[in-house]
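Being a predicted model, the structure only gives us computed values, none of them experimental.
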Amino acid sequence: MAATLTSRLAPPEIERLFQTSLFLLVVTGFATLFGTGKLDLASVAFVVIALLLRGYLLLHDRRFVIPGRVTAWLAVLYVLLFFVDFFFISGRDFITPAVHLVLFGMCVKLFNVERERDYAYLAVLSFLMVLSAAILTVDSAFLAAFAIFIVLAVFCFMAMEMRRSSLSAANSAPLAIPGLRTRRAAISPMHRLATSLTRTTAVMVMAILAASTFLFFAMPRISGGYLSRYAQSDAISTGFSDSVNLGEIGHIQQSSEVVAHLRIDGDVIGDHPDLRLRGSVLTLFDGRRWTNPRPSSDVLVQSYGRVFQLSTHASAFDHREEVRIARGPQLNLIHYRVLMEPLTTSVIFTIPAAQALFGSFREIGVDDDRTFHNLDRDRTVSVYEGVSDVSVPLPTILDRLQGASLPVLSERYLELPELLDERIPELAHKLADTQPSPYRRALAIEHYLTSQYGYTLQLPSEPPVDPLADFLFHRRRGHCEYFASSMAVMLRVVGIPSRVITGFRGAQFNQVNSTYIVRASDAHSWVEAYIPGAGWTTFDPTPSGDAPVTTLWTRSQLYLDAAREFWREWIVNYDVGHQQNLSITGIRQTRDKLSRFRRWSASIYTRMLESARRVHRTATSDPKRLLRPGLLLLAIVALIALPFAVLRVRTAWRAASPSISPTSASAILYLRMTRRLAREGYLRSATQTPSEFAASIGNLEIREAVMRFVAAYERARFGASASAAATLPKLLDQVRNTLARS
């Protein structure tokens, strides 16, 4: 990366190692930024071309430098481009032009290294790209990219220090770099340098990660979850706003992006595969678009702690007493916890019928349709808990309910489009007029749609003039919006108040962490019809689609999703509440483990003491009863010790009669001699022969005694000389006596 730095270059191995590590650091910084998915195509193409060119030059050891005068003109020109980008291209969003500035500076600096500090500028620009990625995303993939960047950064800065030291050295002596082994030769080959650097880098990175992990979790938190505000996405938010065009939810369902993780207390096997998350309520339909004028919204306050009581808030159209009678006296309450991905919508998704919410909400708004909104515009709440009553009235009870709808309902929930195809009312009356009750009329319309129409996500290439009539009488295939809209309109035609609900239905259960994974493909819309005597009752006219096929790949993704949930829960949304929970849990678990250990040790001591007492009582009252177990224990000990005793006796016998087995006896006696010498400080190296070891002894008298023993030992050990072996005990005594005199 340099052409005019200095006439004195670093050794080739170190120079190439440094240039390669710095280039990889730059590539990793850009890859981390690219992984956010927030870069435009032009920026990606520009940087990729620059990196490929730089990599080609580095691979072929060629140099190319942009002159300093050209660089200066490029800098002045980009100042103007920055303001154009800020005001006209990025819509006055400061982050995007700043990222473009960092990328442009990095590409220019790749080919304009004139001074030593330019290398440091490149490293800083790489870090700025990683910092930009941290602002643009909070996805768990950032953790892996950041870990790789840390490893390369440590490696690169160590190589940079080696290069600086070699350039400043007056000669080519070996470098004494902390953490690296010095070599006897001058400069080590490149692969040896890389190996040493890799080992030291691994140690340093592990120390950095351990220290940073401790600091992250231990530092006091004043507020938390601040990272989530930088990753808000409106990819699916349009389907849960105050207005939805027919077809928008169908687009959402084509994405597999994770929207939320939901955990239900006590559910470890997936007991709720058909769960619903209720979001927005839509009441007015003009034939192509559903809207909601958002009637007056009440502001709920916390009852105690962080609890919002929702069951006490009854709308003008929701008579809680009659609903309770219809559903029965027994409540079926579930407690659940929702971890939402960052979205721009303010809707709070709940399992119907919501009774209470727990979370760091400051204010919650609720309207007559029981749609809940977070009223704090500056704070996105992504983690909250809820309590819902999932009991439903029995069909036999609903079938018996009769009565007229409230007059006030006709103002909003019976209004029809001005231009409604005349075939739709005809179909509605044909299906419903013969039914005896409102519930039966709604059920007939629902059954007709689920049985006579097909489900598909293939949207028409050109929106029809009347999408509802086109769906009912021509295409006869569609997704949930068309089914829900058709049923809601036909219910209104026959005098049953209705509204369309948007939210999510169904989820994939992750057995790894007992969590339901709610994806964008689970986006759904259904119908709530007002049944006199039972209140708003849920109907879903959409037929079931094909069940997803479970494969090895989908199972492996469950582990990745569990890790992603942990990342969002304990990194992105880590706050003082999580910190307190972590501390309390750690203290409680430590206390429980210590208590269990004390109980275990006390029980062991009690059993041992009781056993000793039993033995004592038996020995006192009836000593003969101990004879059999005593003999059995003695036999077991004898069997275990017998091989060792035989080996020891055999060794002693061979050492006492060396002429019988000269080879093995000489080895035994030589080992005794070396052990005796070792106790006096004369240690034999594993690479020394007996003669070399004897010659290395500094004391002349001891050396001569050992050499006489070694001469006889070699004749007996390798020549099988019985006469030489017979002299070894006497020579060993001479060595011992010499050591004693010395």
Side-chain angles (χ1 to χ4, degrees), residues 1-3 5 10 14-40 42-59 63-66 71 74-75 78 82 95-139 141-164 194 197-198 200-202 204-205 208-209 212 230:
M1 293 184 184
L5 281 172
I14 295 180
E15 183 70 27
R16 190 167 186 81
L17 188 68
F18 166 67
Q19 299 288 353
T20 303
S21 62
L22 182 58
F23 177 71
L24 292 177
L25 185 69
V26 173
V27 171
T28 304
F30 173 71
T32 305
L33 184 57
F34 174 75
T36 64
K38 302 297 178 63
L39 293 181
D40 55 279
S43 300
V44 173
F46 180 75
V47 177
V48 168
I49 292 174
L51 290 175
L52 289 176
L53 178 58
R54 180 58 230 162
Y56 174 82
L57 296 175
L58 182 64
L59 184 63
R63 297 175 180 176
F64 172 75
V65 177
I66 300 177
T71 304
L74 287 175
Y78 197 81
F82 178 84
I95 295 179
T96 302
V99 170
H100 291 164
L101 176 61
V102 171
L103 294 176
F104 177 80
M106 182 267 293
C107 292
V108 172
K109 186 56 66 177
L110 278 174
F111 304 100
N112 184 247
V113 179
E114 297 180 345
R115 296 169 296 274
E116 289 294 329
R117 62 173 177 265
D118 290 336
Y119 292 124
Y121 290 159
L122 270 176
V124 170
L125 288 171
S126 301
F127 175 74
L128 289 178
M129 287 189 287
V130 175
L131 186 62
S132 301
I135 295 175
L136 293 174
T137 185
V138 292
D139 191 81
F142 174 79
L143 177 63
F146 181 70
I148 296 174
F149 181 83
I150 289 293
V151 173
L152 289 174
V154 173
F155 191 96
C156 177
F157 283 112
M158 292 180 64
M160 182 183 294
E161 177 61 21
M162 291 181 63
R163 181 180 180 278
R164 186 196 62 80
L197 276 174
T198 302
T200 308
T201 300
M204 294 182 66
V205 167
I208 291 172
L209 292 179
S212 59
Y230 296 111

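Using bins of under 30°, 30° to 60° and over 60° for the plane-to-plane angle, the ring pair Phe64/Phe111 lands in the perpendicular bin.
At a threshold of 4.5 Å between non-hydrogen side-chain atoms, the residues Leu103 and Leu33 count as touching. Considering only heavy atoms from C-beta on, Val26 stays 4.5 Å or farther from Leu125 through its side chain. Under the 4.5 Å side-chain criterion, counting only non-hydrogen atoms from C-beta, Leu51 is in contact with Phe23. Residues Thr28 and Val130 are not in side-chain contact: their nearest non-hydrogen atoms beyond the backbone lie 4.5 Å or more apart. Looking only at side-chain heavy atoms (C-beta outward), His100 and Asp40 come within less than 4.5 Å of each other. Side-chain atoms of Phe30 and Leu39, non-hydrogen and from C-beta on, do get closer than 4.5 Å to each other. Side-chain atoms of Met162 and Met158, non-hydrogen and from C-beta on, never get closer than 4.5 Å to each other.
Around atom CZ of Phe82, more than 12 heavy atoms belonging to other residues, nucleotides or ligands sit under 6.0 Å away. By the neighbour-count criterion of 12 heavy atoms within 6.0 Å, atom OH of Tyr78 is densely surrounded, having more than that number from other residues, nucleotides or ligands.
The two residues Ala50 and Cys107 come nearest to each other via the heavy atoms CB-SG, 3.8 Å. When all heavy atoms of Gln19 and Leu58 are compared, the closest pair comes out as CB-CD1, 3.7 Å. What you find for Asn112 and Asp118 is that their closest heavy atoms are O-OD2, 3.6 Å.
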(request) Begin with the C-alpha distance, continue with both residues' side-chain angles, and end with the deciding distance and a verdict on side-chain contact (heavy atoms from CB on, under 4.5 Å) for Leu24 and Phe155. (result) CA-CA 10 Å; Leu24 292 177; Phe155 191 96; over 6 Å; no

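Remark: Ile148 CD1 to Ile150 CD1 distance equals 11.5 Å, nearest 0.5 Å. To the nearest 0.5 Å, the span separating OG on Ser132 from CZ on Phe127 amounts to 9.5 Å. Rounding to the nearest 0.5 Å places OG of Ser21 at 9.5 Å from CZ of Phe157. Between Cys156 atom SG and Leu25 atom CG the span is 5.0 Å, to the nearest 0.5 Å.
The ring-ring contact (aromatic ring centres under 6.0 Å, His included) search around Phe149 returns none, not counting sequence neighbours. Checked against ring-ring contact (aromatic ring centres under 6.0 Å, His included), Phe18 has the following partners two or more places apart in sequence or in another chain: Tyr119.
Under a 3.5 Å cut-off, the side chain of Thr20 and the backbone N or O of Leu17 do not form any donor-acceptor pair. With hydrogens and angles ignored, the 3.5 Å screen pairs no side-chain donor or acceptor of Thr36 with any backbone N or O of Thr32.
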